[in-house]
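Below you'll find the structure, written out as structure tokens, and then a few comments.
Protein chains get the first letters and strands the later ones, always in sequence-line order, with residue 1 at the start of each.
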Amino acid sequence: MKEETPLVDELEKGPWPSYVKEIKRAAKKSKAAEDLLGVQELSFNDKVTHWKHGGIVGVTGYGGGVIGRYSDVPDKFPNVESFHTLRVNHPAGWFYNTKALRKICDVWEKHGSGLTNMHGSTGDIILLGTTTAHLQPCFNDLTEAGFDLGGSGSALRTPTACVGPARCEWTNINTLDMVQDLTMEFQDEIHRPRWPYKSKIKISGCPNDCVAAIARADLTIIGTWRDSLKIDQNGVKEYAKNGFDIKTLVVDKCPTNALEWDEKSKNLKLKPEDCVRCMHCINKMTKAIRPGDDKGATIMIGGKAPIVKGAMLSFVLVPFMKAEPPYTEIKELIRKIWDWWDENGRVRERVGELIERVGMRNFLKAVDLKPVPQMIKAPRTNPYVFF
Amino acid sequence: MKEETPLVDELEKGPWPSYVKEIKRAAKKSKAAEDLLGVQELSFNDKVTHWKHGGIVGVTGYGGGVIGRYSDVPDKFPNVESFHTLRVNHPAGWFYNTKALRKICDVWEKHGSGLTNMHGSTGDIILLGTTTAHLQPCFNDLTEAGFDLGGSGSALRTPTACVGPARCEWTNINTLDMVQDLTMEFQDEIHRPRWPYKSKIKISGCPNDCVAAIARADLTIIGTWRDSLKIDQNGVKEYAKNGFDIKTLVVDKCPTNALEWDEKSKNLKLKPEDCVRCMHCINKMTKAIRPGDDKGATIMIGGKAPIVKGAMLSFVLVPFMKAEPPYTEIKELIRKIWDWWDENGRVRERVGELIERVGMRNFLKAVDLKPVPQMIKAPRTNPYVFF
Amino acid sequence: MGKADIGPPNFREMIPEVVKKNYGDWKYHEILKPGVLRHVAESGDELYTVRAGSPRLVSVDFIRDICDVADKYCDGHLRFTSRYNIEFLTPDKEKVEPIIEAAKKLGLPVGGTGDGISNIVHTQGWVHCHSAATDSSPIVKALMDELYDYFISMKLPAKLRVSLACCINMCGAVHCSDLAIVGVHTKIPKIDHEKLGAICEIPTTIASCPTGAIRRHPDKEIKSVVVREDLCMYCGNCFTVCPAMPLADSEGDGIAIYAGGKVSNARKPPMFSRLIVPFLPNNPPRWPEVVEIIKKIVNVYAKNARRYERMGEWIERVGWETFFRLTEIPFTEQHIDDFTYARETWRTTTQFKW
Amino acid sequence: MGKADIGPPNFREMIPEVVKKNYGDWKYHEILKPGVLRHVAESGDELYTVRAGSPRLVSVDFIRDICDVADKYCDGHLRFTSRYNIEFLTPDKEKVEPIIEAAKKLGLPVGGTGDGISNIVHTQGWVHCHSAATDSSPIVKALMDELYDYFISMKLPAKLRVSLACCINMCGAVHCSDLAIVGVHTKIPKIDHEKLGAICEIPTTIASCPTGAIRRHPDKEIKSVVVREDLCMYCGNCFTVCPAMPLADSEGDGIAIYAGGKVSNARKPPMFSRLIVPFLPNNPPRWPEVVEIIKKIVNVYAKNARRYERMGEWIERVGWETFFRLTEIPFTEQHIDDFTYARETWRTTTQFKW
Ligand code: SRM
Ligand code: SRM
Ligand code: SRM
Ligand code: SRM
Ligand code: SF4
Ligand code: SF4
Ligand code: SF4
Ligand code: SF4
Ligand code: SF4
Ligand code: SF4
Ligand code: SF4
Ligand code: SF4
């Protein structure tokens, strides 16, 4: 039965592309999508969700990759009685050829609601809504098309990386190769949940952090450099000539006052030992300033959302590490971290929370790292020191 | 028996005045002081203290003001078997006439070791070391001389104030009158411990905070002003003429960039709405810049040392309050705070810790204050909000 | 049975030719106009990117539509960004305008670059999640309709990243956004005493509460729990382990707004977003209260911040007291932290503005 | 019996005439030379202050000596400062030099003003306190002998406030000092199993431990407790409630050094001092290791900080990694916070120096 959905319909108006139009497009071919419209309208009226706690559903051999979902109004909307989601691992950098994308469309039209999120906020292709019966066939067709599931549950979640060397002049590491390599290396960790809780890896090519790794990843890899950034004084003069206010917009905004500007000679001088590689001057003067040559990665740890102890940002674990294929050093470190966490973590305790609970001291020993001042903003103020 | 004290004697040398010389001076008249030298030598050899946990001793009608102290080597040093301290409330601003001081000397020569701290770090005159038998007579003679005991134990500790209007051009409140008034008002709270723990009041005439109130006082009163600070441009020109680098040493150091310097006209301009009254420009150009005219106090709360939850700095409770005798508003607020703390505090819980434990929300309601943004550096980041 | 552990397709099959050729050898870029980037490689090759907004929740036909565009102008390649936008890439300058036209024909706005508002990172809401205290897609739609102009232009002081999470699990980098919209409950769990004993483990349920608000039911006959109203801050942790304690409530559920977060390390280190509006009602389909306050904040920011100053950097410079004054948002007890690290947020100095 | 609650003498009886007359009406001051201030009142009256160092722990004869000076030159008035220094006040410029002479004759250095090192705030130590993990007066003496030149001059970038506390109770504003010297234990309590049951309340003792390190003795026959070595951080809280658990130990006790705190609101808000040297041995009578490192830090600060930059402001500007590099103090696991607010100290940015 097609429901009246006056509230939902309201959202077809306005300049921004409408998700309601998209549901309606899918509804032409899918009963589930049609029911979904009704569920939205019901929620708009009731102002509550109409989905129940998810049950455990999945595909053979995998412990995750599917989010089970059931309606609490199945009588009214029988086509979404079960409405599970598949999380499909995206290709590094979210690059696609249309052939691959069209294959996914076909699979999903066949097996599901025809609705997707491109992408989920972890980075997966979210195939939104199908029945339990369709899960395995859908998965089979997906792998046939060259795609595999991403992570869910207490597993490694689909690692992501910024566009990096594919298009960005600032990257200091091969983000795409690295994320591809780590994703393949850790297939088992992605597909067969066994940890205390979820773990996430995100990789950004420079401190601009275009995948928001610091905020969202348990293991954050950020490209950086160890020598001095490079200034091309001719390029600088060009910016000055074009009326760009280098003093106000760049020099004065350097967080450590590492730059000096000589208005007369139009010379931009760097005190390399003061630069903390924040990227600002490079960002704003990309034709004149570039990262240094001794490139590598800063490894950080512990980012996560607020549940239950407040949100955490990733913090520095290894200030600098060379990051060349096959990334052995990084992989070994990651495994050491997981092993320790797996052994010591409580249920639903992310690695950052565990480190907080038992103390950096114990963690560093376990993963064989020496304490360095770069790990902290400032030393402790309290006198409660273990010896 | 006079001990050999070779290690201690070493400290008679050197340019800084020697406390060992002072003990020796006292030792000429006091057996206790003589034994104290031996105790020092013993501790230097053993590298541990030789004092035991204090017992409860005192004077009639008072619950505090005396720190009981017993030696753990009474056989060796019988004259310091008991070696109690009297805390004597100093006159506001630590001003004395010599008559008063000499009286104290006489009393203490009669009743104690003849050794004192001028002053203890809370601000009392510390009469260091006497026997239980001497406590009451000593107290009697002290009051005869016009002095009274300060606080100890779970009581209000001797309130202190900076030199303020007696000598300092920057004070915004009458620190000395206020501390005298509050001390008299709260005699009962000083002398008859009954609270969960200690409570301290300190008063500074301006944000320079020369009695370190923010770090050390549960109740911190700091003079400030509500209008704009005053700049005398002639005075400014005088500084410039004398070669004082106003731009580098003042303008660039203003925490909020509230000052603008015109090198040509030697004009110093203030954006009053940006000034946070940090005092720096006033401190460095006292002949040209002065606090504003609408003077009063910022009331802060919760400062303390680290035991057991880490040190706390006082934080803003009332951004501005007029502070004229008889200081009714301040007294009422202080009483409300103490009543709430007394009722809700656990044993050995300072008021700042209690506020942390139960939340500002509950505290503000109890003392009838509205939340204002000045109380915080920044709003909460977590989503754990009570409604 | 499908193959296992094949992993995602290799990105090398997915990147266009010009990217393959100049991979890792880019020299600089410029933003030609909103939504259009020009990257220049060391080799001299150029790469043009046209960025188009997407509603994220799309049909497969939508994907086919954009594939058609990519087939026509981009040698069959396209990508998505970390904020759901679609990027059409071409080495050929001539194709830029046709791509823009094609996007417009599909109803997709071109923009989202530079100092403007890009797509809103968001989550499932009432479309799919059991945990949602508010919806997601409709609010994003309502907001972007109003903020549209900031997407297709670059006239803000700096990037302004808006994110939305439909509950305090905060899927997405919501906790570090210039503006974050978060679904919140404000009523304690409604306990189904009949079912609880049967479907929940009582000790686990009690242990799940971070504030210790949950106790055994005082009546020993009833195998259930009770919640102390004064201790509950509606975190929903109990509901996660015990479905018989839902918090959802038509009136109690709504939205909190946080501001001033950022992720990049540019200039200031990453910062958390901070609570600015504790509660706004759920008011479908267009959540006018939310839209209005967000617009107001954006306008105040646009007017007062300096160039290249993110929301949080601006607030840090002028002070939160100034922020609340300028935006006229009432300051309440809810703004003052009373969670674990509360003391770190108290103003331990006499430095403040009036 | 003495009179009760008379309170301290009224300061009005204690202030000199010139202060009475110009009370609250001061216009400006200048530091004529180290230890000598000149305050000028709106009335035009002048007040000269000569500030002299004191060992704080003094005999009554010492007080009589300074009273003699005050009687001779200051109309019988003097005051002490919040850092134990003695101040002789006079409206008469002519008396300044004689006062300085008189102070010198008593062996008292004149100084402690402006951008130098004033007297060291300190506490009781082995002279009087049961809680002390180190001594106080001898260390202050040894240090001030070496820092003497900074007391009688004003050649540092800014004020440098040194404080000492003989245990982590931290009597004094030690936790907010440019340099703080703190007595610490590093061995767990030595339990007197014989006495404990008799003189301590076992549940209270167990509850006193913030880390939960104390348990009942496993042997039920023994009415005592045991301490888990890996959980004890030597805070001494148990000893405060139970005298049968002393922590004092010849080898285990020593000194930790903290740096970078301040109290004033000038420029930067008040800051806590932070751990820089976790442990130095007690080495009476002159604690050479402590003296040496303090001198080194002062020298590095003097050389590197900018004018009017307090220790903590300097460190904040250059970064702690630079501080450790310049002072050559080894960085250890002890420096990294693992107490309640630890996470707030972690470096949550890629911004750092090498
Ligand atoms: C689908 C997605 C939202 C979206 O619409 O984009 C999502 C959806 C859910 N998240 Fe999430 N999370 C999604 C990305 C995130 C992110 C962002 C990220 O990964 O970058 C976060 C914040 C980062 C982090 O991990 O801390 C995130 C933090 C959470 C949390 C809180 C975890 C924490 O430790 O704080 C939970 C709660 C939990 O795990 O019980 C959660 C739980 C959930 C659950 C499984 C609800 C639950 O409690 O069972 C949601 C299922 C919704 C549904 O029915 O479809 N989700 N979740 C995202 C995954 C899509 C994908 O795979 O691409
Ligand atoms: C005498 C004095 C040190 C000195 O030599 O100057 C002192 C000495 C003692 N303090 Fe103190 N405190 C002294 C000022 C302070 C200060 C500074 C202040 O008041 O401005 C503080 C830090 C500020 C604060 O209160 O937080 C201070 C924080 C402590 C603490 C930790 C309190 C806390 O909440 O963190 C303790 C521990 C306790 O109360 O159990 C303590 C405990 C003690 C005891 C009573 C030891 C004990 O645990 O029983 C010491 C007695 C020593 C003795 O035998 O003479 N003392 N104590 C100071 C008082 C002199 C005076 O009255 O003028
Ligand atoms: C395409 C994308 C990466 C990807 O792999 O998908 C990307 C691409 C670029 N980013 Fe980014 N950033 C992308 C998400 C981010 C994010 C993450 C996010 O928004 O969730 C951040 C962190 C945001 C934050 O701090 O909250 C981010 C912080 C930056 C910054 C630092 C901005 C700042 O001053 O704080 C720059 C530099 C700049 O713009 O000056 C930057 C600059 C760039 C450059 C110019 C780099 C380059 O040369 O290609 C790229 C185009 C910029 C533009 O859009 O104007 N990108 N960038 C992401 C596009 C998202 C979108 O569709 O809007
Ligand atoms: C006498 C005394 C107050 C008292 O009632 O006893 C006092 C008196 C003055 N202080 Fe102070 N301060 C006194 C302790 C303090 C303290 C507390 C402490 O040291 O424990 C502080 C906070 C220190 C801190 O931040 O850690 C203090 C922070 C200041 C400041 C702010 C300095 C800064 O830039 O951070 C100034 C302004 C300045 O010097 O530029 C100041 C300025 C002054 C002036 C110039 C005010 C005036 O016009 O009279 C006084 C003489 C300054 C001088 O000594 O050079 N006074 N002053 C204290 C002398 C202590 C001593 O013997 O050395
Ligand atoms: S994180 Fe850096 S390298 Fe990666 S896309 Fe953003 S700016 Fe480029
Ligand atoms: S990268 Fe950042 S810290 Fe380094 S010089 Fe440029 S603006 Fe300054
Ligand atoms: S606190 Fe202010 S008013 Fe008081 S003495 Fe110090 S500078 Fe003067
Ligand atoms: S008092 Fe401080 S904040 Fe105000 S103008 Fe002067 S230096 Fe700036
Ligand atoms: S934010 Fe909450 S309600 Fe929204 S998708 Fe994530 S878990 Fe579900
Ligand atoms: S919602 Fe959170 S605080 Fe409230 S009872 Fe449940 S777990 Fe406890
Ligand atoms: S710091 Fe500790 S040892 Fe020293 S006087 Fe205070 S309580 Fe006693
Ligand atoms: S010293 Fe502190 S940590 Fe150690 S057992 Fe005693 S109370 Fe516990």
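Of the N and O atoms on the side chains of D:Asp71 and B:Thr98, at least one donor lies less than 3.5 Å from an acceptor on the other residue. Counting only N and O atoms by type, the side chains of D:Tyr308 and B:Asn283 include no donor and acceptor under 3.5 Å apart.
Contacts with chain B were tallied for D:Glu309, D:Arg161, D:Arg64; D:Arg64 has the most, counting heavy-atom pairs under 4.5 Å. Most heavy-atom pairs under 4.5 Å with chain D: of the set B:Ala213, B:Pro306, B:Cys281, B:Gly303, this distinction falls to B:Pro306. Chain D forms the most heavy-atom pairs under 4.5 Å with one residue out of B:Arg277, B:Met279, B:Lys253, B:Arg348, and that residue is B:Lys253. The residue among D:Gly254, D:Cys166, D:Pro109 with the most heavy atom pairs within less than 4.5 Å of chain B is D:Pro109.
Geometrically, D:Lys141 does not engage B:Tyr19 in a cation-pi contact, judged by NZ or CZ lying under 6.0 Å from the ring centre and within 45° of the ring axis.
If you measure heavy-atom distances from D:Pro16 to chain B, the contacts under 4.5 Å come from the side chain alone. Residue contact with chain B, scored on non-hydrogen atoms closer than 4.5 Å, involves the side chain of D:Asp135 exclusively. Looking at D:Leu37, only its side chain comes within 4.5 Å of chain B, counting heavy atoms on both sides. Using a 4.5 Å cut-off between heavy atoms, D:Asp337 does not touch chain B at all. Neither the backbone nor the side chain of D:Glu313 comes within less than 4.5 Å of any heavy atom in chain B. With a 4.5 angstrom heavy-atom cutoff, D:Asp75 does not touch chain B via any of its atoms. Interface residue D:Phe339: only side-chain heavy atoms are found under 4.5 Å from chain B. If you measure heavy-atom distances from D:Glu87 to chain B, the contacts under 4.5 Å come from the side chain alone. Only the side chain of D:Tyr341 comes within less than 4.5 Å of a heavy atom in chain B; its backbone stays farther off. With a 4.5 Å cut-off on non-hydrogen atoms, D:Ser163 does not touch chain B at all.
The shortest side-chain heavy-atom distance between D:Cys235 and B:Val308 does not fall under the 4.5 Å cut-off. Between B:Gln40 and D:Val127 the shortest side-chain heavy-atom distance falls below 4.5 Å. Using a 4.5 Å heavy-atom threshold, the side chains of B:Phe95 and D:Leu89 count as touching. Using a 4.5 Å heavy-atom threshold, the side chains of B:Arg69 and D:His130 count as touching. Two residues are said to be in side-chain contact when any heavy atoms from C-beta on lie closer than 4.5 Å; B:Trp51 and D:Cys129 fail this criterion. Side-chain contact between B:Tyr96 and D:Ile15 is absent, with no heavy-atom pair separated by less than 4.5 Å. Counting only heavy atoms from C-beta outward, the side chains of D:Phe80 and B:His119 approach each other to under 4.5 Å. Side-chain contact between B:Glu144 and D:Lys3: present, with at least one pair of heavy atoms (C-beta onward) separated by less than 4.5 Å.
Of the possible polar contacts, none joining the B:Arg167 side chain to the D:Val19 backbone as a donor-acceptor pair under 3.5 Å is found. Side-chain atoms of D:Ser250 come within 3.5 Å of backbone atoms of B:Asp46 as a donor-acceptor pair (strictly under, hydrogens ignored).
Using a cutoff of 4.0 Å between basic side-chain nitrogens and carboxylate oxygens, D:Glu30 and B:Lys284 are not scored as salt-bridged.
The environment of D:Lys27 atom NZ is sparse: at most 12 non-hydrogen atoms of other residues, nucleotides or ligands sit within 6.0 angstrom.
Checking B:Lys28, B:Arg25, B:Lys29 one by one against D:Asp61, the side chain to side chain donor-acceptor pair (under 3.5 Å) holds for a single residue, B:Lys29.
In terms of heavy-atom proximity, B:Ile23 sits nearest to D:Leu57 at CD1-CD2, 4.3 Å.
Aromatic pair D:Phe11/B:Trp94: centroids not less than 6.0 angstrom apart.
Ring pair D:His128/B:Phe83 is tilted by interplanar angle, where 30° to 60° counts as tilted.
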